[in-house]
Structures are given as C-alpha cells and as structure tokens.
Amino acid sequence: MSVAIRVIPCLDVDAGRVVKGVNFENLNDAGDPVELARRYGNSGADELVFLDITASSSNRETTYEMIRKAADELFIPLTVGGGVRSVSDVDQLLRAGADKVGINTAGIANPELISDSAKRFGDQCIVISVDVRRNQDSPSGFEATTHGGRNSSGRDALEWIIEAAERGAGEVLLNSMDADGTKTGYDLELISAVRSAVEIPVIASGGAGELSDFAPAVKAGANAVLAASVFHFNEISIQEVKDELARSGEVVR
C-alpha cells in the first residue's frame, strides 16, 4: 500500500513573525505564526514546519512560547528548526510541543548531535534540514550550506545527507537555495539525486510557484512537498495541491 504524500506549509519565523523572501533575502511580513498555524491546521495541511530563521539565545524563550501556543491549536505534527545547537535544545523544543526537530548548521559542525539526539529521542523525532546550493566543485554538483544558506560548509550535500541518515536522522528536509522563493519549480535533479542516495523520507522545499510544480517533485522522489509564500498569500490552497496530486495518480490524505 502506498504511503500518502504529505503537503506541508512552512512558516519562516523572524522575531515572532512569519516572513518570506527570495533566496533568503528581502523578507516580507506574512503574518502571525500562531494564527497561520491555526489556519493551516483547519485547511487540510498534513504537517507544519516552523523555521526560526534568525534563532538566537535572546529570542529563544519567545520561540518556545510561540510553539506552545501553536501546538495547542494543532492536531497535526509540528516540526521546528532553527538554532538547534544541543541535545538540550532538542529536548526543550519537544517539551514545548514540537513533534519533530530540524537540525541544520550545528549538525554539520557536530555530527554527533544527530547521533545523540536520535539515540535519546528516536529517529522519528529528528529531521536533518539541509540548505543545498549547486557547486560544480562538489562531487555530486551540490554542496550543503550553513547559517541559512549564507556560508559554504565545504561538504558535499549528498555525502552529508547519507551520513546524517546513517547517524539516525529519520527524514530529510531538502531545501534548494537556488530555487528558494523563485517560484520556478522544485529542483527535480536535486530531489532525484537525494532519493537515489538515501531511503529516509524526503521533504522537497524551495521553488513552488504553480499548481503544476508539485506533482513533478513527487515523481522525482519526494515523499512530501513543502511550500511557503504560495500558501501564506493565498495563491494556492492546500486542497488544490492535494487535488492536483490525486489527479496525477498520487495517494493523498
């Protein structure tokens, strides 16, 4: 039996507000995260992702409070990422109401963080979030970046994703930096390459602009499709995406 494809809105949160830009720059305010979480929970989203894109110790408590409020509104899984640096951070986010925690920059700096977190909380709780950029100097043609795509990690993206999966990451949130916010479609070559490299579920992120963009991402190997601005600004609805995926032969919830 086929597993249903998940449709996931992503809330990029900066100082308690949802924002959206292009290639992680020129951010526009898209609303209150708790309000949006409630809206998505009521409109058929299968899961929700919160990414605290400017996470720092100074606003961490604000983030916990926001997660608590959002979790109270939601009956779907909530993944939270951004600024996760320690097993203690993972613990606190799960206690605040997150179902899964995304690890990105700190995992590259300290891969043991993934191993230790997966051992303690279970691999179903750990999502490896990877901001990928094309780089012809990388063996696969793709490199993993850090700090919200601002810095090169010096690591080949596929090699890193394979290692993270082996260390216990239960899922990969695959964000194409080249496609992010451009609305020109998902990076199908990247999705296909990662699908061939690992068996864990792949969440495709970056580039959704048209209704016709979602099914090709699934055909390329994504188990879930994630989008932000097209949902936030009511350009496309969750139900429209599900209907389109069903028309293309995919199983949806």
In short, ring pair (Phe, Tyr, Trp, His ring centres under 6.0 Å) pairs touching residues 99-138 with sequence neighbours left out are none
**Item:** Donor-acceptor contact present, side-chain Asn223 to main-chain Val202, <3.5 Å
**Value:** yes
4.5 Å side-chain heavy-atom contact, Leu174 and Asp187: no
* Asked: How about Val7 and Phe231: do any of their side-chain heavy atoms sit closer than 4.5 Å?
  -> yes
Sorted by chain and residue number, the salt bridge (Lys or Arg N to Asp or Glu O under 4.0 Å) partners of Glu235 (sequence neighbours excluded) come out as Lys183
CD1 (Ile8) and CD1 (Ile238) are apart, to the nearest 0.5 Å, by 9.5 Å
Is any side-chain heavy atom of Val19 closer than 4.5 Å to a side-chain heavy atom of Val13? no
So the salt bridge (charged side-chain N to carboxylate O under 4.0 Å, His left out) pairs with at least one residue in residues 199-221 (sequence neighbours excluded) are Lys219-Glu250
Between Val87 and Ser117, the two heavy atoms sitting closest are CG2-OG, 3.8 Å
Check your understanding: Going by atom types alone, do Asn110 and Arg85 pair a side-chain donor with an acceptor below 3.5 Å?
Key -> no
Sorted by chain and residue number, the salt bridge (Lys or Arg N to Asp or Glu O under 4.0 Å) partners of Glu47 (sequence neighbours excluded) come out as Arg6, Lys100
Between Asp91 and Arg95, is there a side-chain N and carboxylate O pair less than 4.0 Å apart? yes
Tell me if a side-chain donor or acceptor on Ser152 pairs with a main-chain N or O of Gly154 at a distance below 3.5 Å.
yes
- Message: Between Tyr186 (side chain only) and Leu226 (backbone N and O only), is there a donor and an acceptor less than 3.5 Å apart?
- Response: yes
Sequence neighbours excluded, the answer for salt bridge (Lys or Arg N to Asp or Glu O under 4.0 Å) partners of Arg38 is Glu35, Glu73
Would the distance check show the side chain of Asp99 and the main-chain N or O of Leu78 forming a donor-acceptor pair, the cut-off being under 3.5 Å?
yes
One should read off an interatomic distance between Ile161 CD1 and Phe142 CZ, to the nearest 0.5 angstrom, of 10.0 Å
- Do the side chains of Asn104 and Leu173 get nearer than 4.5 Å, heavy atoms only? no
What one should report as the nearest heavy-atom pair of Gly168 and Asp123 is O-CB, 2.7 Å
Sorted by chain and number, sequence neighbours left out, salt bridge (Lys or Arg N to Asp or Glu O under 4.0 Å) with Arg68 holds for Glu61, Glu65
Minimum side-chain heavy-atom gap Val132-Thr145 below 4.5 Å:
no
Q.
Using a 3.5 Å distance criterion without hydrogens, assess whether the side chain of His232 forms a donor-acceptor pair with backbone atoms of Ala227.
A. no
Output for pair (Ile236 CD1, Ser229 OG), nearest 0.5 Å, gives 9.0 Å
For Gln124, the side-chain hydrogen bond (donor to acceptor under 3.5 Å, both in side chains) test, sequence neighbours excluded, returns none
Rounded to the nearest 0.5 angstrom, the OG-CD distance for Ser176 and Glu189 is 10.5 Å
Across all chains, not counting sequence neighbours, the side-chain hydrogen bond (donor to acceptor under 3.5 Å, both in side chains) partners of Lys119 are none
Residues passing the side-chain contact (heavy atoms from CB on, under 4.5 Å) test with Ser153, sequence neighbours excluded, are Ile108, Ala144, Thr146, Arg155
Those residues at least two apart in sequence (or on a different chain) that pass side-chain hydrogen bond (donor to acceptor under 3.5 Å, both in side chains) with Ser192 are none
To the nearest 0.5 Å, atom CG of Leu48 lies from atom CG of Leu11 at 4.5 Å
Heavy atoms of Ala98 and Val80 approach each other most closely as CB-CG2, 3.7 Å
Side-chain heavy atoms of Tyr64 within contact of Leu93, under 4.5 Å:
yes
Q.
If you define the side chain from C-beta out and look only at heavy atoms, does anything of Arg17 sit under 4.5 Å from Asp32?
A. yes
Is there a donor-acceptor pair closer than 3.5 Å between any side-chain N or O of Asp131 and the backbone N or O of Asn175?
no
For Ala217 and Ala204 the tightest heavy-atom approach is CB-CB, 4.4 Å
Value for CD1 (Ile128) from CD1 (Ile103), rounded to nearest 0.5 Å, stands at 6.5 Å
Using a 3.5 Å distance criterion without hydrogens, assess whether the side chain of Asp52 forms a donor-acceptor pair with backbone atoms of Thr63.
no
Residues passing the side-chain hydrogen bond (donor to acceptor under 3.5 Å, both in side chains) test with Asn234, sequence neighbours excluded, are Arg39
Quick note, salt bridge (charged side-chain N to carboxylate O under 4.0 Å, His left out) partners involving residues 105-115, not counting sequence neighbours, are Glu112-Arg167
